[in-house]
Amino acid sequence: SRETTADGIQLAALIKNSQATVMQATPATWRLLIEAGWPGNPNLKIFCGGEALTRKLADELLSRANEIWNLYGPTETTIWSAAWKVLPEKPISIGRPVAQTQFYILDKNLQPVPICVPGELHIGGDGLARGYFNRPELTSEKFIPNPFVHGQKIYKTGDLARYLPDGTVECLGRSDHQVKIRGFRIELGDIESALRQNTAIKEALVMAREDVPGDKRLVAYLATQNATPLLVPELRDFLKTKLPEYMVPSSFVFLEKFPLTPSGKIDRKALPAPEQTRPVLGKQFVAPSTPLEIDVAQIWSDVFRIDKIGRDDNFFELGGHSLLAIQIIARIRQKLGIELPLPEIFKAPTVGRLVETILEMLLARVNDEDTSLKWLDEISDDEAKQLLEK
C-alpha cells in the first residue's frame with residue numbers, strides 16, 4: 001500500500017515477512033529504508049531506478065543485499081531502457097541499452113559525440129511511446145525523426161550523458177531545468193510560473209539543491225514587489241492551490257536582487273544556500289520547556305538543519321516530507337525506544353503535539369506493566385505527574 005511504502009519501518013517488516021528476493025524502488029525509498037534501520041537481506045536482488053543512484057547509497061546497499069542493478073529509462077520509452085550491475089569501487093553507470101533499444105549520444109547538430117564527450121542522450125527502439133496525449137507540439141519537439149534510420153523516430157531525453165571507454169553510458173544530469181525529487185519528475189519552470197501568479201512576487205527562480213549529499217531539495221529564490229514581506233506559511237498555502245505537494249519548495253530565500261553574470265543573466269552559481277536559521281513562519285516563537293520537548297525539538301533541529309525549533313513549529317511549514325519524517329521516527333526510537341507510526345507525525349505535526357502523542361504511548365506502557373522504565377529519565381516531573389494522574 002502507499003502507506004507501507006512511505007513508512008520505512010513497515011516496509012522493512014514487509015520485506016522480511018514476505019521473504020522477497022527481488023525489489024524495485026527509487027533511491028529515495030532505499031534511503032528511507034536505511035534511515036529506518038533496515039539491516040538488509042543477503043538474498044535480496046535490488047533494482048534501483050527513477051533518479052540518480054549515488055556512490056554512497058550504492059555502497060550502503062551493497063553491504064545489505066545480494067546484488068544491485070541500476071536501471072535507467074524515461075516514461076516516454078516505457079520504461080527501463082538500460083541496466084547495469086553495480087560493482088564496488090566502480091563508476092556508477094547506467095550500462096548499455098536493453099534488447100530492441102538504441103542509444104544515441106548526440107551534439108546540438110544531431111551528430112554522434114566521441115567517447116567521454118558529453119552530449120544529449122536520445123533513445124530509439126521498440127519501447128518508444130507514440131507521443132504525448134493531445135499535445136502535438138510537444139510530441140514533435142521531443143519525438144524527432146531518427147537521422148540514422150529512415151522512417152523511425154528517437155526521443156530527446158534532455159539528459160546529458162557520455163560513453164565510457166568500456167562502452168557503457170554514464171548519465172551526467174539534465175541539459176534543461178527538469179529535475180527529479182524523490183522519484184517525481186518536476187519542471188522547475190512550472191513552479192516559477194505558479195510563484196509569479198502571486199501579485200507580491202516580482203521575480204522567482206527555483207533550483208534543486210543538494211547541499212547535503214543524498215538530500216536534494218527544492219529551493220525558491222524570490223524578489224518581492226517593493227520589498228513586500230511575505231510569510232512562508234501563506235506562500236506555501238498559495239502554491240498548494242496550484243501545484244501538487246511534491247512541487248512545493250522546502251525552502252524560500254528572499255533577495256533584494258538576483259546576482260547576474262557579465263552577460264546579464266541570473267548567476268545560478270552565485271545564489272546563496274538556504275540559511276540554517278529559523279524560517280519566517282509568521283508566529284511567535286515558543287521555546288520547548290520540558291526535557292522531552294527539548295529532546296524532540298533537538299531531533300527536529302538536526303533533521304531539518306535549522307538551529308532553532310519551537311514547540312509550535314509545524315512539520316509541513318518547515319518543509320517536511322515522508323523521508324524526513326522517517327528520520328525523525330528513527331531518532332525518536334533510538335532516543336526513547338518508542339516505535340512511533342509514521343502517520344502520527346502527520347496527525348501531530350508540531351513538537352508540542354508530537355510530545356503529547358509520545359506521552360500517551362508511554363502511558364500505555366505503564367498500563368501494560370512495562371518494566372523498562374529508562375524513558376522516565378527523559379521526562380520532567382510535571383510530565384510524570386500528568387502520567388500518574390491519568
Side-chain angles (χ1 to χ4, degrees), residues 22 24-27 45 47-53 58 68-87 90-181 183-193 208 247 265:
V22 179
Q24 174 187 309
T26 64
K45 178 183 292 188
F47 291 163
C48 190
E51 53 190 357
L53 173 64
I68 306 170
W69 287 79
N70 189 29
L71 305 180
Y72 169 84
T75 303
E76 290 85 348
T77 62
T78 59
I79 187 168
W80 301 126
S81 301
W84 182 74
K85 186 176 181 180
V86 180
L87 301 173
K90 296 287 185 180
I92 299 292
S93 164
I94 60 173
R96 295 180 173 85
V98 298
Q100 311 306 321
T101 300
Q102 297 86 45
F103 276 8
Y104 305 91
I105 302 180
L106 309 176
D107 61 19
K108 293 181 179 180
N109 298 316
L110 299 182
Q111 295 299 309
V113 297
I115 291 175
C116 294
V117 175
E120 183 179 356
L121 179 59
H122 298 67
I123 301 178
D126 291 351
L128 215 60
R130 297 177 183 175
Y132 298 101
F133 183 63
N134 285 342
R135 301 190 68 181
E137 293 183 0
L138 185 60
T139 297
S140 61
E141 176 188 344
K142 294 294 187 179
F143 293 84
I144 64 173
N146 189 329
F148 311 105
V149 183
H150 180 71
Q152 295 187 12
K153 291 190 174 183
I154 53 176
Y155 170 66
K156 292 171 60 70
T157 66
D159 289 331
L160 291 175
R162 65 178 179 177
Y163 283 111
L164 298 177
D166 63 359
T168 60
V169 174
E170 180 184 20
C171 202
L172 302 172
R174 296 292 299 176
S175 60
D176 54 20
H177 295 153
Q178 185 187 93
V179 298
K180 274 195 174 182
I181 304 287
F184 293 104
R185 190 191 298 189
I186 297 171
E187 293 285 354
L188 298 180
D190 292 344
I191 308 175
E192 294 168 354
S193 177
M247 291 180 69
K265 296 180 180 180

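Residues take their numbers from the sequence shown, with the count starting at 1. Keep in mind the model is a prediction, meaning the values are calculated, not measured.
- A pairwise comparison of heavy atoms in V179 and A208 identifies CG1-CB, 3.8 Å as the closest pair.
- Considering only heavy atoms from C-beta on, F143 comes within 4.5 Å of L128 through its side chain.
- Residues D166 and T168 approach most closely at OD1-OG1, 2.7 Å, considering heavy atoms.
- Here L87 contributes atom CG and I68 contributes atom CD1; the two are 10.0 Å apart, rounded to the nearest 0.5 Å.
- The backbone N or O of G189 sits nowhere less than 3.5 Å from a side-chain atom of S193 that would complete a donor-acceptor pair.
- Counting only heavy atoms from C-beta outward, the side chains of I79 and P74 never approach each other to under 4.5 Å.
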message: Run the side-chain contact (heavy atoms from CB on, under 4.5 Å) test on L172 and R162 for me, step by step, so that the C-alpha distance in whole Å, both residues' side-chain angles and the decisive distance to 0.1 Å come before the verdict.
response: CA-CA 8 Å; L172 302 172; R162 65 178 179 177; 4.1 Å; yes
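- A161 and V169 get closest at one heavy-atom pair: CB-CG1, 3.8 Å.
- Annotation: Q111, atom CD; neighbour count of heavy atoms from other residues, nucleotides and ligands within 6.0 Å is above 12.
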- Just do the side-chain contact (heavy atoms from CB on, under 4.5 Å) check on I105 and Y163 with the steps written out, would you? CA-CA 8 Å; I105 302 180; Y163 283 111; 3.7 Å; yes
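- Atoms CG and CG, on L121 and L106 in that order, are 8.5 Å from each other to the nearest 0.5 Å.
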Distance-only donor-acceptor hits, side chain of residues 145-155, under 3.5 Å, sequence neighbours excluded:
from	atom 1	to	atom 2	distance (Å)
N146	OD1	F148	N	2.8
N146	OD1	V149	N	3.3
N146	ND2	Y104	OH	3.3
Y155	OH	E76	OE1	3.4
Y155	OH	E76	OE2	3.3

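- In this structure, the side-chain hydrogen bond (donor to acceptor under 3.5 Å, both in side chains) partners of K156, at least two apart in sequence or on a different chain, are E120.
- The structure places CD of E187 at 10.5 Å from CD of E192, a figure rounded to the nearest 0.5 Å.
- Separation of atoms CD (Q102) and CD1 (I123) is listed at 10.5 Å; rounding is to 0.5 Å.
- For the salt bridge (Lys or Arg N to Asp or Glu O under 4.0 Å) condition, no pair includes a residue of residues 93-108, sequence neighbours left out.
- Checking side-chain atoms of T78 against main-chain N and O of G127 turns up a donor-acceptor pair under 3.5 Å.
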As a quick check of understanding, evaluate side-chain contact (heavy atoms from CB on, under 4.5 Å) for F103 and T101, giving each step before the final call. CA-CA 7 Å; F103 276 8; T101 300; 4.2 Å; yes
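- The line from CZ of R135 to CD of E141 is 9.5 Å long, rounded to the nearest 0.5 Å.
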Q: Determine, step by step, whether Y132 and T139 satisfy the side-chain contact (heavy atoms from CB on, under 4.5 Å) criterion, reporting the C-alpha distance in whole Å, the side-chain angles of both residues, the deciding distance to 0.1 Å, and the verdict.
A: CA-CA 6 Å; Y132 298 101; T139 297; 3.7 Å; yes
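- Taking every heavy atom of both residues into account, Y72 and C171 meet most closely at CE1-SG, 4.2 Å.
- For the residue pair L71 and A83, the shortest heavy atom distance occurs at CD2-CB, 3.6 Å.
- The distance from atom CG of L110 to atom CD1 of I144, rounded to the nearest 0.5 Å, is 4.5 Å.
- Of all non-hydrogen atoms in S93 and L164, the two that sit nearest each other are CB-CD1, 4.4 Å.
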